J.: 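Dropping the structure in here first, questions after.
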Amino acid sequence: MPAGYEYHLDYRVIDAAAWDHVSLVDMETYLEGASLLPNDLRGAVEYLDLSETLSVQVRYVGALQLAPWYERLIDRGIRGSVIYAPHEETYEIANTIIATCSIVGGGLPDGYRLSRTSIALRNVHHFLDQGSTDEVASARVA
């Protein structure tokens with residue numbers, strides 16, 4: 001499976017990554033596992049690294065299928081998501097997923113942020129909170 005995650009208790013970050021050719025099933029499998037973490041996820045942030053993907057086969061209809069998984073994470077207390085997508089194609093797909101999940105599920109409490117640059121795990125919460133900059137597109141949901 002070209003997607004996986006670890007939960008870093010020290011940073012309260014679900015550190016996820018995807019690589020190679022990523023399908024909708026890969027993303028659903030990752031989100032299903034993350035939504036079942038035994039830890040208290042209140043205040044946690046997802047950090048999804050898409051820098052090693054060759055392709056992501058998730059379009060609008062697939063993004064609709066991911067929305068319920070994000071709703072499960074919201075129910076567990078996750079506050080937001082930061083997605084690192086340095087390549088144009090993955091950036092656009094991540095934007096589609098964010099927009100779809102926001103419309104269908106109402107979005108994460110503190111929103112989503114999309115970045116073309118890598119974020120250190122210790123800085124993920126700060127990055128989510130800081131709002132948009134010239135270099136980084138903000139996908140926060142009001």
Side-chain angles (χ1 to χ4, degrees), residues 1-58 60 62-142:
M1 175 181 74
Y5 67 93
E6 276 184 76
Y7 184 58
H8 294 276
L9 285 170
D10 293 343
Y11 301 117
R12 300 199 58 75
V13 171
I14 299 170
D15 180 19
W19 55 93
D20 289 336
H21 299 283
V22 179
S23 70
L24 175 62
V25 172
D26 297 322
M27 293 300 295
E28 286 180 313
T29 301
Y30 145 64
L31 287 167
E32 178 182 19
S35 71
L36 298 173
L37 278 167
N39 303 79
D40 179 6
L41 296 181
R42 285 179 292 187
V45 174
E46 173 197 40
Y47 178 67
L48 178 57
D49 180 347
L50 299 176
S51 65
E52 298 297 320
T53 59
L54 300 174
S55 68
V56 179
Q57 286 95 35
V58 177
Y60 178 73
L64 285 171
Q65 291 176 257
L66 294 178
W69 293 111
Y70 275 101
E71 288 176 350
R72 289 182 184 177
L73 287 173
I74 292 168
D75 291 344
R76 296 285 314 282
I78 193 170
R79 60 179 284 246
S81 179
V82 172
I83 301 173
Y84 169 41
H87 311 296
E88 190 61 36
E89 181 183 344
T90 54
Y91 190 89
E92 293 303 319
I93 291 168
N95 229 352
T96 299
I97 293 169
I98 289 168
T100 304
C101 290
S102 296
I103 291 168
V104 172
L108 293 170
D110 290 341
Y112 301 83
R113 293 279 323 270
L114 192 50
S115 175
R116 292 187 192 269
T117 58
S118 180
I119 311 297
L121 291 181
R122 68 180 177 277
N123 296 328
V124 169
H125 286 266
H126 175 70
F127 182 80
L128 182 65
D129 294 337
Q130 75 180 359
S132 64
T133 66
D134 293 337
E135 201 174 298
V136 180
S138 174
R140 284 184 72 102
V141 177

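It should be emphasised that the depicted structure is a prediction, and the values quoted were computed from it without experimental measurement. The first residue in the sequence is number 1, and the count goes up from there.
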J.: Give a yes or no answer on whether the side chain of Arg72 reaches the backbone of Ala34 with a donor-acceptor pair at less than 3.5 Å.
T.: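 No, Arg72 side chain to Ala34 backbone: no donor-acceptor pair under 3.5 Å.
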J.: Which pair of heavy atoms, one from Arg76 and one from Leu36, lies closest together, and at what distance?
T.: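 Smallest heavy-atom distance, with atoms named: NH1-C, 3.8 Å.
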J.: Let me see the working for Leu66 and Thr100 under side-chain contact (heavy atoms from CB on, under 4.5 Å), right down to the final yes or no.
T.: CA-CA 9 Å; Leu66 294 178; Thr100 304; over 6 Å; no
J.: Taking all non-hydrogen atoms of both residues into account, name the closest pair between Tyr7 and Asp40 and its distance.
T.: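 Distance-wise, the nearest heavy atoms are OH-O, 3.6 Å.
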J.: Could you list the residues that satisfy salt bridge (Lys or Arg N to Asp or Glu O under 4.0 Å) with Arg79, not counting sequence neighbours?
T.: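 Per chain and number, Arg79 pairs via salt bridge (Lys or Arg N to Asp or Glu O under 4.0 Å) with Asp110, Asp129.
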J.: Is it the case that the side chains of Asp26 and Thr29 hold a donor-acceptor pair, with the cut-off being a distance below 3.5 Å and no angle test?
T.: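 Absent: no donor and acceptor within the cut-off.
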J.: Pick from His21, Glu89, His87: which one makes a side-chain hydrogen bond (donor to acceptor under 3.5 Å, both in side chains) with Ser55?
T.: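 Per the side-chain hydrogen bond (donor to acceptor under 3.5 Å, both in side chains) rule, the option paired with Ser55 is His21, out of His21, Glu89, His87.
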J.: Does CD in Gln57 sit with more than 12 non-hydrogen atoms of other residues, nucleotides or ligands closer than 6.0 Å?
T.: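 Correct, the count exceeds 12.
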J.: Hey, mind stepping through Leu128 and Val124 against side-chain contact (heavy atoms from CB on, under 4.5 Å) and telling me if it holds?
T.: CA-CA 6 Å; Leu128 182 65; Val124 169; 5.6 Å; no
J.: Rounded to the nearest 0.5 Å, what's the gap from CD1 on Ile14 to CG on Asn39? Could you check?
T.: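 Result: 9.0 Å between the selected atoms.
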J.: Starting at CD of Gln65, measure out to CG of Leu31 and round the result to the nearest 0.5 Å.
T.: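 It comes to 12.0 Å.
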J.: Between Leu37 and Tyr5, does a side-chain contact (heavy atoms from CB on, under 4.5 Å) hold up when you go through it step by step?
T.: CA-CA 11 Å; Leu37 278 167; Tyr5 67 93; 3.7 Å; yes
J.: I'd like a table of donor-acceptor pairs (distance under 3.5 Å, sequence neighbours excluded) in which one partner is a side-chain atom from residues 43-50, with atom names and distances.
T.:
| residue | atom | partner | partner atom | Å |
| --- | --- | --- | --- | --- |
| Glu46 | OE1 | Tyr70 | OH | 3.0 |
| Glu46 | OE1 | Ser81 | OG | 2.4 |
| Glu46 | OE2 | Tyr30 | OH | 2.4 |
| Glu46 | OE2 | Tyr70 | OH | 3.2 |
| Tyr47 | OH | Ile119 | N | 3.0 |
| Tyr47 | OH | Ile119 | O | 3.4 |
| Asp49 | OD1 | Ser51 | N | 2.8 |
| Asp49 | OD1 | Ser51 | OG | 2.6 |

J.: Where is the tightest heavy-atom contact between Gly80 and Leu108, given as atom of each residue plus distance?
T.: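 Smallest interatomic distance, heavy atoms only, reads C-CD1, 3.5 Å.
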J.: Which heavy atom in Val22 sits nearest to a heavy atom in Pro2, and how many Å separate them?
T.: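 Taking every non-hydrogen atom into account, CG2-O, 3.8 Å.
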J.: For the residue pair Tyr84 and Ser118, what are the closest heavy atoms and their distance?
T.: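 Scanning both residues, the minimum pair turns out to be CE1-N, 3.3 Å.
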J.: Considering non-hydrogen atoms only, spot the tightest contact between Val58 and Ala63 and give its length.
T.: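 Nearest heavy atoms, Val58 then Ala63: CG1-N, 3.7 Å.
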J.: Using the salt bridge (Lys or Arg N to Asp or Glu O under 4.0 Å) criterion, which residues pair with Asp20? Sequence neighbours excluded.
T.: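 Here no residue qualifies.
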J.: CG/Leu121 to CG/Asp10 distance, rounded to the nearest 0.5 angstrom?
T.: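 If I round to the nearest 0.5 Å, the distance is 10.5 Å.
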